[in-house]
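Remarks on the structure that follows.
Every chain is numbered from 1 and lettered A, B, ... according to where its sequence line falls, protein lines coming before strand lines.
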Amino acid sequence: MSTPRIAELQSHAGQTVTVRGWVTHVRSSGKIAFAVIRDGTGVAQAVFVKSQLDPAVWEAFGRLTLETSVAVTGQVRAEPRAPGGFELGVTALEIVGPSPSDYPIQPKEHGIDFLLDHRHLWLRSPRQRAIAAVRHELEQAVQDFFYERGFLRVDTPILTAAIGERSGLFSTEYFEEGTAYLAQTGQLYGEAAAAAYGKIYTFGPTFRAEKSKTRRHLTEFWMIEPEVAWNDSNDNMRLQEDFVSFLVARVLERRRAELQELERDVARLETVKPPFPRINYTDAVAVLQKKGSAVKWGDDLGADDEALLVEDYDRPVFVMNYPKEAKAFYMKENPDDPRTVLCDDCLAPEGYGEIIGGSQREDDYDKLVQRIRDEGLPMDAYGWYLELRKYGTFTHAGFGLGLERTVAWICGLQHIREVIAFPRMMYRLKP
RNA sequence: UCCCCAGUAGCUCAGUUGGUCAGAGCAUCCGACUGUUAAUCGGAGGGUCGUAGGUUCAAGUCCUACCUGGGGAGCCA
C-alpha cells in the first residue's frame, strides 16, 4: 500500500492509498461522515459512508477526536467540494494514537498568552506552518545567495568572553575561565575570518539580555552577518539591497501559497528591488524636524522617527552615517564628517523598522584603540581583535540582518514571536 | 527600568452610577441528521470572578498591595 503525503495525493487519483496524519475536523451527518486529516503538507478530507463500511470502521470513526493520529486507507478521487480538491473514500481506519477530548487549541480565536503557553501544539495550525515554511525558504535563500557569490560560511562561537557590544549579556560559569557570555554577535570573529577568506558570512543564534518588551524583540534570535574584505560602506549597502531583494523575490517565487494563507498583500513586496533610497543621517534629522519630530542632531532615531522617515517609500530605506556617539566602537570614522561614522541602518517599509545594521569597520589601529578607551571597554579583551589591524589591516565592511524581523516583515505579521518555533522572550522560557 | 492596559466556565468574552450579575458563544457529553466545509438542530454538565487585605447594610464592580500576562518606550536585529 503506498503512503503518499497529502500534497502528493493528486498524482494518486483512482488509487487506493493510506494517508497518515492528525485529525483536525470531524463532521457527521448520521450515515455519512467526514474527517479532515493534516500531515504537514496539507489537509485531506476522508469520507466515511456507513452503508458501505465495515461496522468496526464506522465505530472507529466515532472515536475520532481533534488531533487523534490515524492511518486512513481509501481511494483517492477528485472532488471539488473537498479542501485541496481531492478526497479519500475510506475503506479502513487505524487509530494510531487517541487524543483526549480536552485538546486545548480549537479552530477559533485564542489569546496570545494561552497560545504561547501551548506553543508546542499551536505549531500544528495552518498559519504557523505557513510561517515556518517562509522562514525555511528564507534560510535556504540566505545560503544560496552567499554560496552563489563565493562567500564562505563561518560558524562563530556562541560561548564567548566579554566582547561585542554594550547591551545586556547572558552569562554562565565556565570552568576555570570565570564567566562566559552568550554571543550577541559573531561580527568580530567574522572580521577575523574575512581577513583569512575574503568574503564570509555567519548564520547563527544570538542573545540579548535586554529587558525589551516589544513586537520587534526576542532575547534569542538568528542573525546573518556577512563580512567582506575590500568592501567600503557604499559596497556594503549595495550588497544589502541585493541581498534583501533576493530574499523577497525568492519567497514571492516559491511561497505564494503560504503568503496567501497569511493573507499577505504581496503588492507591497513586489516593489522591493534595488536600489534602495539612501538618506544621510544629517538630512534625515532635517526631514524629521520638518515633519514635526523633536529629534535633535546627535540623537539616535526613535521608533516613531523611523516610521515617519519610511512612510514615503515603497521599499526599504538606508539611513547612513550616524553620529559616532550613537553607534558602536568598531565603526569607521567618516572622513567627510568626523563627527559621524560610515554606517547604515536598513529600515523595512510598512513600519517594520530596522532589519539590518551595517558599517564599514575602523581599520586604523590607533583610532580603534582610542574608541575602545573612549567607550570604557576592557582593552585586554580586545587584544586579538586589535591584531587584525596590526597584521595587514584592510578596508572591510559588513552587516547583520535579523532573520526574525525579516520573516515578520515578509509575512506581514504583527509580532516576531510567531516567526520562530519556540520564542524566547523576557517572560517566557517555556515551552 | 519607566508608562499604559488586562485577569470572570476548558477557550473567547459580556456583566451599566456598587443592589437576581453567576451570563453568552464556542468546546465537551447525550440525542437527531446520507455531502459536511469553524456543519446544523435539540438537551445536559461545567465557576474560590488572579491573590491578600480594606471601604460598605451590600463588592465581579470601589480602594491598596502583590502576582501573572499583554501593549509601548528606551536599546537594538
Subject >> side-chain contact (heavy atoms from CB on, under 4.5 Å) partners of A:Arg373, counting only residues at least two apart >> reply: A:Val369, A:Gln370, A:Met379

Subject >> Presence of A:Arg417 side-chain N/O under 4.0 Å of B:G71 phosphate oxygens OP1/OP2 >> reply: yes

**OP:** Pick the P atom in B:U68 and in B:C26, then give their distance to the nearest Å.
**Re:** 35 Å

Subject >> Residue pairs involving residues 65-80 of chain A (criterion salt bridge (Lys or Arg N to Asp or Glu O under 4.0 Å); sequence neighbours excluded) >> reply: A:Arg38-A:Glu67, A:Glu67-A:Arg124, A:Arg77-A:Glu87, A:Glu79-A:Arg81

**OP:** Using the ring-ring contact (aromatic ring centres under 6.0 Å, His included) rule, pick out the option among A:Phe276, A:Tyr201, A:Phe145 that qualifies with A:Phe243.
**Re:** A:Phe145

Subject >> Under-4.0 Å side-chain N/O to phosphate OP1/OP2 contact, A:Arg27 with B:A38 >> reply: no

Original post:
Residues in side-chain contact (heavy atoms from CB on, under 4.5 Å) with A:Lys31, at least two apart?
Top reply: A:Lys50

Original post:
Listed by chain and number, what are the ring-ring contact (aromatic ring centres under 6.0 Å, His included) partners of A:Phe151, not counting sequence neighbours?
Top reply: A:Phe146

**OP:** Remember a base hit wins even if backbone is also touched, and classify A:Glu87 as base, sugar-phosphate or nothing at under 4.0 Å, heavy atoms.
**Re:** base

Original post:
With sequence neighbours left out, which residue pairs that include part of residues 315-324 of chain A fulfil the salt bridge (Lys or Arg N to Asp or Glu O under 4.0 Å) condition?
Top reply: A:Lys324-A:Glu333

**OP:** Please state the C1' separation for the pair B:C30 and B:G19 - nearest whole angstrom.
**Re:** 39 Å

Subject >> Residues forming a side-chain contact (heavy atoms from CB on, under 4.5 Å) with A:Asp102, sequence neighbours excluded >> reply: A:Pro100

Original post:
Under 4.0 Å between a side-chain N/O of A:His415 and OP1 or OP2 of B:G71, yes or no?
Top reply: yes

Subject >> Complementary nucleotide for B:G69 - Watson-Crick or wobble, under 3.5 Å >> reply: B:C5

Subject >> Selected nucleotide, minimal atom distance to A:Arg428 side chain, candidates B:G69, B:U34, B:G74 >> reply: B:G69

Shorter than 3.5 Å, N or O on both sides, protein versus nucleotides 4-14 of chain B: list them out with atom names.
residue: B:G10; atom: N2; partner: A:Gln106; partner atom: NE2; Å: 2.8
residue: B:C11; atom: O2'; partner: A:His110; partner atom: ND1; Å: 2.6
residue: B:C11; atom: O2; partner: A:Lys108; partner atom: NZ; Å: 2.5
residue: B:U12; atom: OP1; partner: A:Gly111; partner atom: N; Å: 2.8

Subject >> Test side-chain contact (heavy atoms from CB on, under 4.5 Å) applied to A:Asp304 - qualifying residues, sequence neighbours left out >> reply: none

Subject >> Phosphate-side-chain proximity, A:Arg216 and B:A73, N/O vs OP1/OP2 below 4.0 Å >> reply: yes

Original post:
In residues 45-67 of chain A, which ones come under 4.0 Å of RNA chain B, going by heavy atoms?
Top reply: A:Gln45, A:Ser51

**OP:** Measure the distance between the ring centre of A:Tyr427 and the centre of the six-membered base ring of B:G69, then answer whether it is under 5.5 Å with planes under 30°.
**Re:** no

Check: residues 4-14 of chain A side-chain donor-acceptor pairs under 3.5 Å, at least two apart:
residue: A:Arg5; atom: NH2; partner: A:Asp39; partner atom: O; Å: 3.4
residue: A:Glu8; atom: OE1; partner: A:Arg5; partner atom: N; Å: 3.0
residue: A:Ser11; atom: OG; partner: A:Glu8; partner atom: O; Å: 2.8
residue: A:His12; atom: ND1; partner: A:Gln15; partner atom: OE1; Å: 2.9

Would you list the atom pairs, donor with acceptor, under 3.5 Å between side chains in residues 343-352 of chain A and any protein atom, with sequence neighbours excluded?
residue: A:Asp344; atom: OD1; partner: A:Gln240; partner atom: NE2; Å: 3.2
residue: A:Asp344; atom: OD2; partner: A:Gln240; partner atom: NE2; Å: 3.1
residue: A:Asp345; atom: OD1; partner: A:Lys327; partner atom: NZ; Å: 3.3
residue: A:Asp345; atom: OD2; partner: A:Tyr322; partner atom: OH; Å: 3.2
residue: A:Asp345; atom: OD2; partner: A:Lys327; partner atom: NZ; Å: 3.2
residue: A:Glu350; atom: OE1; partner: A:Arg264; partner atom: NH1; Å: 3.0
residue: A:Glu350; atom: OE2; partner: A:Arg264; partner atom: NH1; Å: 3.4
residue: A:Glu350; atom: OE2; partner: A:Arg264; partner atom: NH2; Å: 2.9
residue: A:Tyr352; atom: OH; partner: A:Gly412; partner atom: O; Å: 3.4
residue: A:Tyr352; atom: OH; partner: A:Leu413; partner atom: N; Å: 3.2
residue: A:Tyr352; atom: OH; partner: A:Leu413; partner atom: O; Å: 2.8

Original post:
In whole Å, what separates the P atom of B:A38 from that of B:A27?
Top reply: 12 Å

Subject >> Positions of residues 291-323 of chain A (non-hydrogen atom under 4.0 Å from RNA chain B), listed by number >> reply: A:Asp300, A:Gly302, A:Ala303

Original post:
Is the count of non-hydrogen atoms from other residues, nucleotides or ligands lying under 6.0 Å from A:Glu148 atom CD greater than 12?
Top reply: yes

Original post:
Under 4.0 angstrom, heavy atoms only, what part of the nucleic acid is A:His217 near: base, sugar-phosphate, or nothing?
Top reply: base

